[in-house]
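Working notes, structure below.
The sequence lines fix the lettering, A, B, ..., with proteins before strands; numbering per chain opens at 1. No experiment lies behind these values; they were computed from the predicted model shown. Scope of the values below: all heavy atoms of this structure, side chains included, with no hydrogens, waters or symmetry mates.
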Amino acid sequence: MSITAIKGMNDILPGTVETWQFLEQKAREVFGTYGFAEIRTPAVEKTELFCRSIGETTDIVEKEMYTFNDKSGNSLTLRPEGTAPVTRSFIQNRLHTLDPVSKLYYMGPMFRYERPQKGRYRQFHQIGAEVIGVEDAKIDAQVLAMLHHYACEIGIDAVELQVNSLGCPECRPGYRKALIGYLEKRLDALCAECQRRYTTNPLRVLDCKATGCKEATVDAPSVLDHLCSGCEIHFGQVKKHLQALAIPFSVNDRMVRGLDYYVRTTFELVTDQLGSQNAVAAGGRYDGLVESLGGPALPGIGFAIGLERLVLMKGKDQVVATRPDLFLAALGEDAAEQAFVLMSKLQRSGVRAEMDYQGKSLKAQMRRANKLNARFTLILGEEELRNGSAELKDMDQSSQCQVALDGLEQELLSRL
RNA sequence: GUGGGUGUAGCUCAGUCGGUAGAGCACUGGAUUGUGGCUCCAGUUGUCGAGGGUUCAAGCCCCUUCAUCCACCCCA
């Protein structure tokens, strides 16, 4: 083996790239109808941006970032997620002065230094959407409706939308206290990992897959019982609006987040088809983030979709490449020369045309036409060329007729 | 960072007790000198992941290493 790609960073080859293009195009269409505009930010940001937004003690910041110093000694980081860069750009470019409500979407590669496995890679791709400037619960429902709409549009149905509320800086500490109090009495029943979590991040214990932990936390206090009145009203409205829009969802009060900036509404689009990775998309509200990064005190909400995970769910080769319209098979060098010029002319008119460049036999050329799944084959023989005609073969019908080269383009277009 | 599985032809994989490297598919040519798919015939393709060790002899046994997949952790 000579030089290979970096571990966890994959090539997307013809045959599967069509699926990617399909998923990206549908996102542009659907998000566009909801009034979202695309934003593109650099793949690299100052390290500080991610430390301050995602949270110093999260796994992402502590051990998963691709961080390095550039030649002038600045600490830079390959973006591990999209919300922080978009927020940074929003503030830097003062987008709130252009419009009190910003609806933005992005798509592109993200980087995390993790051990690769099914549905999890070191360079992975997200399609994300963010709304900055609206606190009303209608926008929560709108964002979820858009995500649901997109999932329907691309034909992903084995998914469930789960929503939760994490409360806000006002009510979350109280809940945390109650949960710690509950876990304290059951520490022995928890797995080793969760005994560690108990001190570092007690909310994560609720998310543990170990059966002992699940049993021990069956009666654990619910975050939803500890919401302050503002958060409770907001969550109630989100649910009401979702019902009004007939968006199917379930409430999962044990859903937690890996990023510190989330408050109030959080949600995930989950599936059981991706091995141990169950989230296809996830997001939530981040009302304090813009201000904490030095911008105006504006609320925000958004989500990110894992593109690789969608591709895995769609399955390979589910989106087929478009077939060539015409394959030109030539007999002899003179015919090949004429075919070459004719092919080029047709391509200029938008006809997907192909030919052989290796002087192969007619049989071999026909085989190739068949392999490429060409709709028609034009056979240019010496005899026919003398009177300006050729044989046009319909590869599906297996029928053929003589056509004049003059009117070939019209003839083709009428048949395609 | 931790644990397990797998590395043999372009692809999917056989390979017995350690004894000269195999099949299917794909590709190329032919049967049909100017007609694809189906069929038949023929042919090409190997650093057996790499390095070392044991042995008369290693794809097979031992050690090391690399890659990859899956899982833990965490997450999209």
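- Comparing G46(B) with G1(B), their C1' atoms are spaced 37 Å from each other, to the whole Å.
- In the set A71(B), A76(B), C74(B), the nucleotide with an atom closest to the side chain of Gln117(A) is A71(B).
- Contact of Ser361(A) with G29(B) (side chain to base): no donor-acceptor pair of N or O atoms is detected under 3.5 Å.
- Using a 4.0 Å heavy-atom criterion, one finds that Gly275(A) contacts the sugar-phosphate atoms exclusively.
- Look at the P atom in both A76(B) and U2(B): the space between them is 24 Å, to the nearest Å.
- Following rounding to the nearest Å, Leu362(A) (CG) and A31(B) (P) show an atom-to-atom distance of 13 Å.
- Here the nucleotide nearest the side chain of Lys371(A), chosen from C73(B), G36(B), C27(B), is C27(B).
- Using C1' as the reference atom, A42(B) and C11(B) are 22 Å apart when rounded to the nearest Å.
- Side chain Lys363(A) to base U35(B): no donor-acceptor pair is found below 3.5 Å.
- Contact of Lys393(A) with G36(B) (side chain to base): a donor-acceptor pair of N or O atoms is detected under 3.5 Å.
- Within 4.0 Å (heavy atoms only), Ile127(A) reaches no atom of the nucleic acid at all.
- Gln400(A) places its CD atom 11 Å from the C1' atom of G36(B), with the value rounded to the nearest Å.
- What separates CD1 of Ile60(A) from P of C74(B) is a distance of 12 Å, to the nearest Å.
- Counting non-hydrogen atoms under 4.0 angstrom, Phe376(A) reaches nothing in the nucleic acid.
- With respect to Arg257(A) and Glu268(A), a salt bridge is recorded, a charged nitrogen being found less than 4.0 Å from a carboxylate O.
- A salt bridge does not link Asp260(A) with Arg52(A): every distance from a Lys NZ or Arg NE/NH1/NH2 to an Asp or Glu carboxylate oxygen is 4.0 Å or more.
- Contact annotation: the side chain of Arg28(A) approaches that of Glu38(A) to within less than 4.5 Å [non-hydrogen atoms, C-beta and beyond].
- Taking atom CG of residue Leu310(A) and atom C1' of nucleotide A76(B), one finds them 9 Å apart after rounding to whole Å.
- Salt-bridge check for Asp140(A) with Arg285(A): passed, with a basic side-chain N closer than 4.0 Å to an acidic carboxylate O.
- With P as the reference atom, U20(B) and C27(B) are 32 Å apart, rounded to whole Å.
- Residue contacts for Gln365(A): at a heavy-atom cut-off of 4.0 Å it reaches no nucleic acid atom on any strand shown.
- Between the side chain of Arg120(A) and the base of C74(B) there is at least one donor-acceptor pair of N/O atoms closer than 3.5 Å.
- Atom CD in Glu114(A) sits roughly 16 Å away from atom C1' in C69(B) (whole-Å rounding).
- As judged by a 4.0 angstrom heavy-atom cut-off over every strand, Glu384(A) is placed among the base-contacting residues.
- Looking at heavy-atom distances under 4.0 Å, Arg368(A) makes no contact with the nucleic acid at all.
- A cation-pi geometry, defined here as NZ or CZ lying under 6.0 Å from the six-membered ring centre and within 45° of its normal, holds between Arg186(A) and Tyr182(A).
- The side chain of Ser276(A) places no N or O atom within less than 4.0 Å of a non-bridging phosphate oxygen (OP1 or OP2) of C70(B).
- When heavy atoms are screened at a 4.0 angstrom cut-off, Glu64(A) is found touching the sugar-phosphate backbone but no base atom.
- Remark: P of A76(B) and CZ of Phe111(A) are 16 Å apart, rounded to the nearest angstrom.
- One interatomic measurement links the two molecules: CZ of Arg367(A) to C1' of A26(B), which rounds to 13 Å at whole-angstrom precision.
- Taking a cutoff of 4.0 Å between a charged side-chain nitrogen and a carboxylate oxygen, Lys393(A) and Glu391(A) do not qualify as a salt bridge.
- Atom pair Arg323(A):CZ and G36(B):P shows a separation of 18 Å (rounding to whole Å applied).
- Across all strands, Ser398(A) comes closer than 4.0 Å to base atoms (heavy-atom distances).
- Judged by the 6.0 Å distance and 45° axis criteria, Arg368(A) is not positioned over the aromatic ring of Phe327(A).
- Looking at heavy-atom distances under 4.0 Å, Ala279(A) makes contact with sugar-phosphate atoms alone, never a base.
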